[in-house]
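A quick write-up on the structure given underneath.
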There are 2 protein chains.
Amino acid sequence: MKTTIKDVARRTGVSIATVSRVINGLGGYSNDTRKKVLSAIDEMGFRPNAVARGLVSKKTHTIGVMLPDVSGMLAAEILKGIESVAKEQRYSVIVCNTNYSGDRSQEYVRTLKEKQVDGVLAVSEYMTPEKSKALLSLNLPVVLISTLSYSYPFPYVKVDDKQAAYSAVCHLIDKGHRRIAMISGDRADLIAGAPRIEGYVQALRDHGLSVDESLIRYRAEFESFGFHSGALCMEGLLRDKPGQFSAVFAASDELAMGALSCAYRHGVRIPDDLSIIAYDDTRIAEMATPPLTALHQPLFAMGSRAAEMLLDMSAAGTLEADSVIIPHKIIERESVRAL
Amino acid sequence: MKTTIKDVARRTGVSIATVSRVINGLGGYSNDTRKKVLSAIDEMGFRPNAVARGLVSKKTHTIGVMLPDVSGMLAAEILKGIESVAKEQRYSVIVCNTNYSGDRSQEYVRTLKEKQVDGVLAVSEYMTPEKSKALLSLNLPVVLISTLSYSYPFPYVKVDDKQAAYSAVCHLIDKGHRRIAMISGDRADLIAGAPRIEGYVQALRDHGLSVDESLIRYRAEFESFGFHSGALCMEGLLRDKPGQFSAVFAASDELAMGALSCAYRHGVRIPDDLSIIAYDDTRIAEMATPPLTALHQPLFAMGSRAAEMLLDMSAAGTLEADSVIIPHKIIERESVRAL
DNA sequence: ATGAAAGCGCTAACAC
DNA sequence: GTGTTAGCGCTTTCAT
């Protein structure tokens, strides 16, 4: 039998109300009883039942995190950031792996509602109108990370993708590159696809460089930002436009890894024959051979920032907050060579 | 105001007991009232409050997962497997990033107790006696993944590290290698450190090969299985024993990546000049240049298997279960060359 | 087949 | 300062 507040009360000879008071540090008891209660709690190994507490207080001290793939480097790092502040503020986090599925997402929203979470964070989720509606119907604080919704103005935390892509390409141009290819994720992706391409195009234009559509590659497939996709895009580039580009901007670390892998297979040396700059800068960027020069997103910080926002919102009882654009920067390593 | 079972009852004109019955499909009501209740639930968008349910049923349909680093490739993949079966069986999972800290672990155990989880999974946690004791005191089903406890026989799911290391080294020997170095994680690690070294030594001995202690490298530091450590160990090997080994067995993917990176920096080509076999085979193994031949651990499967065990235990009301040794295998890619 | 009522462990008035 | 009591939203006897 688990020990309850009642047991502590009986053992101490006070009422459960008093025990509750000292547990919650509410005051309204002598220093003497406080000590008695505290030591009883200690001796009995009593821990307040959070479920019972949640039922009456309507606060579960739990938040939900939805993400398409927990095992992705990006998501995992952000999750770590979230978990970190949650822990600090004594919150628990429930992970929901939506697996890129809208249906699954809907189910999770339902579950989170039943579980009475105090708020939800959506990481890299593709925000369809349905998903936004579901989240909205929770009537709970919601903060998006690395994504945003066009159907409802949920506050978000992300870098400016277009601007970041622009910076990355400018870096290449600064290094003397003129013929720059791009390996993108699905162009239909309005968050991480199209905007990065726009940044790429814009950078080229702003430097008086012409844009060759056939130098922009992507695959509209399942993991369009994945390793496999990167390798295939590079394959196409090497086949169709040999010697016609001196650098490539990859829209994700994995895409860059795929490109690297393909280049290696074809005997094209990085960065001697070809420069590559990646987007994300997850841990694999520095593990690559050669280490990837990359556009850095502060993943952990993004996660913790968003979690702070969410908990603040919850505390303030509001559903609104100002979105924050996180600054990005370029980490120079060895995959880009000056021409 | 949220709609409760009471609202549904009133709206339908039946008692809350009846509503509860149809929600739980317990039978004991006419088909007619069932339909009425169901449609009312639907119209009102009613969802049973899991917190209230948990309070009375003493089942929260929630499990806790403790791991030293959510953002690690290993853990993340295992977590995904866990989450997958949890979702299937309508369970939620709370992640606890212990950050390699014993204190943090203790705190989490307390939190999980308060939250009344139905069981806990510990992934790659270094099981000190204190941690085991804490977990044990929960009096709840516990299953370990990729680790085991010497202080208490918690059921676990893992591969046989010594045997797996043995296989990996045999693979190298089969390919004609005779001088084989090893880059290990902290030797003081009784789970993933020492056993893999033992497997390495055993394989050498069984093939009549001599064991050169100076060919075994590791660093007793924070992330002893990490990329940085791998690079440093390789550095030492290349410096101290140049040309004296034709292959290296790395005790983790990251260690192998570090070795690869260092080799590249020194102009030693993989696999032409040196072969490398890794342990783990997380997603980065295939992303490496060249792709790493590796000893594969079925991470996702390990996670899901353990979760199944845990939920079965919970359902059966037992704290015991048979541990399972997961079979491993070697994935041949391009980092090992036959001599 | 259905309802009344007693809790689950706790918090929060409200008394004294 | 401390106790009593009324719930929180649900499940579960026990009647009827």
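Chain A is the first sequence line, chain B the second, and so forth, proteins listed ahead of strands; every chain is numbered from 1.
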The side chain of [X] lies closest to which of these nucleotides: [options]?
{"X": "A:R53", "options": "D:dC8, C:dT11, D:dC10", "value": "C:dT11"}
{"X": "B:T33", "options": "C:dT2, D:dC10, D:dG3", "value": "C:dT2"}
{"X": "A:T18", "options": "D:dG3, D:dC10, C:dG9", "value": "D:dG3"}
{"X": "A:Y29", "options": "D:dG1, D:dC8, C:dC10", "value": "D:dG1"}

For A:A134 versus A:V109, what's the shortest heavy-atom pair and its separation? O-CG1, 3.7 Å
What pair of heavy atoms forms the shortest contact from A:Y156 to A:S323, and how long is it? N-OG, 2.9 Å
Mind calculating the distance between [atom1] ([X]) and [atom2] ([N]) to the nearest angstrom?
{"X": "B:K113", "N": "C:dG9", "atom1": "NZ", "atom2": "C1'", "result": "14 Å"}
{"X": "A:N31", "N": "D:dT2", "atom1": "CG", "atom2": "C1'", "result": "15 Å"}
{"X": "A:I41", "N": "C:dG9", "atom1": "CD1", "atom2": "C1'", "result": "14 Å"}
{"X": "A:N49", "N": "C:dG7", "atom1": "CG", "atom2": "C1'", "result": "14 Å"}
{"X": "A:I5", "N": "D:dG3", "atom1": "CD1", "atom2": "P", "result": "12 Å"}
{"X": "B:I23", "N": "D:dT11", "atom1": "CD1", "atom2": "P", "result": "6 Å"}
{"X": "A:L55", "N": "D:dC10", "atom1": "CG", "atom2": "P", "result": "9 Å"}
{"X": "A:K115", "N": "D:dC8", "atom1": "NZ", "atom2": "C1'", "result": "19 Å"}

Heavy atoms only, 4.0 Å cut-off, all strands: where does A:V14 land among base, sugar-phosphate and nothing? sugar-phosphate
Contacts of B:K58 and B:S15 projected onto DNA chain C by closest heavy atom; the upstream (5') one is B:S15
As an exercise, state the distance from CD1 of A:I63 to CD of A:E83, rounded to the nearest 0.5 Å. 9.0 Å
Polar atoms only, N or O, under 3.5 Å: list the protein pairs with nucleotides 12-16 of chain D and their distances.
none

Looking at [Y] and [X], is there a salt bridge between them, counting it only when a charged N and a carboxylate O are closer than 4.0 Å?
{"X": "A:D32", "Y": "A:K35", "answer": "no"}
{"X": "B:K131", "Y": "B:E125", "answer": "yes"}
{"X": "A:K113", "Y": "A:E107", "answer": "no"}

Kindly state whether the ring of B:Y100 and the ring of B:Y126 have centres lying under 6.0 angstrom apart. no
